[in-house]
*Asks:* 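Have a look at this one.
Throughout, a chain's letter reflects where its sequence line sits, starting with A, and its residues are numbered from 1.
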Amino acid sequence: MLQIHNSLTKNKEVFTPIEPGKVKLYVCGMTVYDLCHVGHARVMVVFDVVTRYLRASGYDVTYIRNITDIDDKIIARANENGEKIQDLTERFIAEMHHDADALGVIRPDQEPKATESMADIIAMIETLIIKGYAYAADNGDVYYDVSEFPSYGKLSGRQLDELRAGERVAVNEAKNDPLDFVLWKAAKPEEPAWESPWGRGRPGWHIECSAMSSRCLGQHFDIHGGGQDLQFPHHENEIAQSEGAHGCQSVNYWMHNGFVRIDDEKMSKSLGNFFTVRDVLEKYSPEVVRYFILTSHYRSPLNYSDEQLEQAKSALTRYYTALRDVNVQQSVQWQQDQDFGVRFREAMDDDFNTALALSVMADLRQAINKAQSINPERANYLAGLLVSFGHVLGLFQQNPQDFLLTGSDDLDVALIEQLIEQRNQARASKNWAKADEVRDQLNAMNIILEDNAGQTSWRRV
RNA sequence: GGCUGCGUGGCAGAGUGGUCAUGCACCGGACUGCAACUCCGUUUACGCCGGUUCGAUUCCGACCGCAGCCUCCA
């Protein structure tokens, strides 16, 4: 029975979908003005695994991840670049897809854009005004009146007066209360703008998600995800907007993933301590990055370092070595396996405990190696099982040789195989000095040899 | 200051009131011409101080340390 840690209640709860067999999932996506960094990769991978696991558990999942393609940073960046806003956002949407695809992240069912949702956004703001949750200010902005929403703060565990006591709330003359947040911003000259009942302007960030989630999934859906930093104010405001406008609960389960850190500090654009996915993929294969992300629980912080990536790479190499040496049985259904399958399910059912699931897979890998010589049929089945688990986590889907030779594009395979042949001839005539000399030569090329059952295979360091 | 969360062996990281996490690395052994791969085995833990308990890394309290949110952020 799947249990999910719900940020709203701060408890692990048994997951019960609104409609049996179906799951409606919304995740806050990227603001597209720059390349994705490893923190973005984590969100994408985490909710990719959530979606894959729900589907593997038999649910019909509708997965929505929005794109914020209009906001202050986008406007600022486009101006800096002397680039049209739409050119900028389309460019970075393409880059985002490029990175996500590389990481094996399955595309969401829909990726709604803010700029294509203006009618929904405006309609929702109108509803909020009519219901008394929002007001148009003299300056052309429209604000949400937080004092009208009694449970404001329920997600982030805050009280209005606590927030007011905070020193960092910006003073804005047009607001009735400093905590009121903007739904619609009056356009400044030169800024992109849309017509609205309150004049030309553009939407605030928070209202976009409320409008897009309710359009794509309805007023009440199952799971809403995003990074921990969005809990307040973004998701708090989404609740106020959606529940204010619709008069019903909007989300049953809120899921927030932990940050990626560098040297125990949050990785973020504003701190400037980030690595882009692009940077990392120059050095490590995408699957290594994915494995690294899944080694810790999604709610825990994840410290990024080369050492960790190297560990992930070594671990993956062992899995692929095991898979290389068997004939993987096709179409194994892990759900039917009474041993490893049950353990895997228990791990994943426990709030998507991928770290624990990986330990089951490590045991399985060892079982494959042990069975390989004494019971090849069994080994082939277990390997199929491993690949079946891997499908849920987005791992082990490539040809083992392709992984083990990753980064070999620049290598002269013909030369390598020729050298291996030379070495094997030397070995056959027990010319060990010559054989070792050739192997040293290959090692210097970052090639590692493995002599197995009369066969010599090779891989990259 | 307010509100969250965390502190596990060399590194990473699950988990539990009283037998094993797991991975990477290290060490010993088997295999190998020697290696590599693989297998077997060993070592290294639960921030500090109290309390509850027959027994606490696990529950409770204080303390110390760290991170996050309270402003844009995945």
*Asks:* So, is A/S300 close to the B/A14 phosphate, meaning a side-chain N or O under 4.0 Å from OP1 or OP2?
*Replies:* yes
*Asks:* Counting only side-chain N and O atoms of A/R318, is one of them less than 4.0 Å from OP1 or OP2 of B/A25?
*Replies:* no
*Asks:* Test A/I64 against every option in A/P108, A/C209, A/P112 by the side-chain contact (heavy atoms from CB on, under 4.5 Å) rule and name the one that passes.
*Replies:* A/P112
*Asks:* Got a donor-acceptor pair under 3.5 Å from the side chain of A/D436 to the base of B/G33?
*Replies:* yes
*Asks:* Taking the P atom of each, how far is B/U42 from B/U22, in whole Å?
*Replies:* 11 Å
*Asks:* Does A/K370 get its side chain close enough to the base of B/C39, under 3.5 Å, for a donor-acceptor pair?
*Replies:* no
*Asks:* Is a side-chain donor or acceptor of A/R42 paired with a backbone partner of A/I293 at a separation under 3.5 angstrom?
*Replies:* no
*Asks:* Check this for me: does the side-chain of A/Q311 come within 3.5 Å of the base of B/G23 through a donor and an acceptor?
*Replies:* yes
*Asks:* Does a distance-only test, which skips hydrogens and angles, find a donor-acceptor pair under 3.5 Å between the side chain of A/R439 and the base of B/C34?
*Replies:* yes
*Asks:* Examine the side chains of A/S156 and A/Q231 and answer whether a donor and an acceptor come within less than 3.5 Å of each other.
*Replies:* no
*Asks:* Side-chain N or O of A/N353 versus OP1/OP2 of B/G15: is the shortest distance under 4.0 Å?
*Replies:* yes
*Asks:* RNA chain B: A/A433 or A/D350, which has the more 5' nearest nucleotide?
*Replies:* A/D350
*Asks:* Are A/Q366 and B/C40 close enough that a side-chain N or O sits under 4.0 Å from OP1 or OP2?
*Replies:* yes
